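By convention in this document, chain letters (A, B, ...) are assigned in the order of the sequence lines, proteins followed by strands, and residues within each chain are numbered from 1. Note that the structure is predicted; figures quoted are calculated from it, not measured.
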Protein chains: 2
Amino acid sequence: MVKRTSFEKAECPIARSLEAIGDWWSLLIIRDAFLGKRRFSEFEKSLGIAKNILTARLRSLVDHGILQSVPASDGAAHMEYVLTPKGHGVFPVLVALRQWTEEFGGRKVSTVLVDRKSDRPVRKLELRAQDKRLLDYRDTLVRPRA
Amino acid sequence: MVKRTSFEKAECPIARSLEAIGDWWSLLIIRDAFLGKRRFSEFEKSLGIAKNILTARLRSLVDHGILQSVPASDGAAHMEYVLTPKGHGVFPVLVALRQWTEEFGGRKVSTVLVDRKSDRPVRKLELRAQDKRLLDYRDTLVRPRA
DNA sequence: GGCGAATGGTTTCATAATGCAACCACACAA
DNA sequence: TTGTGTGGTTGCATTATGAAACCATTCGCC
């Protein structure tokens, strides 16, 4: 096989997620969608992506059920791309990436994710056990499902 | 420019993170490193990746300060690749990806991430406000840093 | 010490993905 | 009717990826 290897059938859930959102542009498109962008030209301008690539990525995201293409809200003829529930589910991934850069990226990051109500920065993502103990990577283990 | 576009100078912290870990293999290598793999051949066998690609990825991860190459622990001549603190910081990203697949991936996932102490599955990642309110994507906003 | 195998790569070459630019069809406005 | 903007598609050059062959050390073993 000379094709790019696919992770569709992978057992590992991380590999499977990469199948859908693991390329250069998909996560940035999703990020923009969270920022309220919905039109082809909005993504194009914001990302500086080539149109053919954008077409391909949008189609792939729609095929994966992450975006949905709906008739334009303003009645125009074109379609708009909005996040599905599955797409909204990517949010923690984006937050994790953002926080990783904030913590280890060196240069200061120019934007902050804030809580709408208080207008103050959010806390770091927390991984907890059933009994709510805060967990670290050292506290966890990957197990075959029973 | 015909080169693949780079996000090094991007403002967005998400784009910057993708610069380092946003390709097909890097996250899987990091995942394997978390699972205790450290040798070239271990990664190779586990991932089914071509050797030249693995060489390139390992080098890139080392350059980005995510892996460190250290003399083999068993005294052999070769190098081993271990996670740096920056590499350990990727953990929440992996967890977020895993949980996304678990929730939206359709087919059941064959492994679970468990808390070592209780041997029970961990909870979903939680994003909280300063006052500990649990937050949703709808509760947040990206702001230019003051 | 000599031999074969394993390790950790590099090199070569074919194919796939990406990026750019040019083009196109349609809607709408002047 | 002649633009002008949107939302693409097509063609072609350049990169990255993947498979396999090759290579230099080191290691076990006799």
Under 4.0 Å between a side-chain nitrogen and a carboxylate oxygen: does that hold for A:R120 and B:D131?
no
Can you name the closest pair of heavy atoms from A:L83 and A:A33 and give their distance?
CG-CB, 3.7 Å
So, does A:W25 get its side chain near the phosphate of C:dA17, meaning an N or O under 4.0 Å from OP1 or OP2?
no
Could you state the CD-P distance from B:E42 to C:dG8, rounded to the nearest angstrom?
8 Å
Pull out every protein N or O sitting under 3.5 Å from an N or O of nucleotides 20-24 of chain D, one pair per line with the distance.
none

Listed by chain and number, what are the salt bridge (charged side-chain N to carboxylate O under 4.0 Å, His left out) partners of B:R138, not counting sequence neighbours?
B:D136
Take a 6.0 Å sphere around CZ of A:R143 and say whether it holds more than 12 heavy atoms from other residues, nucleotides or ligands.
no
Under the side-chain contact (heavy atoms from CB on, under 4.5 Å) test, which residues partner A:R123, sequence neighbours left out?
A:E126, B:R128, B:Q130, B:K132
In whole angstroms, how far is the P atom of D:dG18 from the CH2 atom of B:W24?
9 Å
If you compare every side-chain N and O of A:R59 against the phosphate oxygens of D:dT9 (OP1, OP2), does one of them come in below 4.0 Å?
yes
Give me the ring orientation class for A:Y137 and B:H88: parallel if the planes are under 30° apart, tilted from 30 to 60°, perpendicular past 60°.
parallel
Can you find a side chain N or O atom of A:R39 that sits less than 4.0 Å from OP1 or OP2 on D:dT6?
no
What integer distance in Å separates B:L67:CG from C:dG8:P?
15 Å
Do other residues, nucleotides or ligands put more than 12 heavy atoms under 6.0 Å from the CZ atom of B:R116?
yes
Taking atom C1' of D:dT15 as reference, at what distance in whole Å does atom CG of B:D23 sit?
14 Å
Rounded to whole angstroms, how far apart are CG on B:L47 and C1' on D:dG18?
14 Å
Please confirm whether the shortest side-chain N or O distance from A:Y81 to OP1 or OP2 of D:dG8 is below 4.0 Å.
yes
Using a heavy-atom cut-off of under 4.0 Å over every strand shown, decide if B:T55 touches base, sugar-phosphate, or nothing.
base
Output the rounded distance in Å from CZ (A:F40) to P (C:dA27).
18 Å
Nearest-Å distance, CE (A:M79) to C1' (C:dA25)?
16 Å
Mind calculating the distance between CD (A:E44) and C1' (C:dT18) to the nearest angstrom?
15 Å
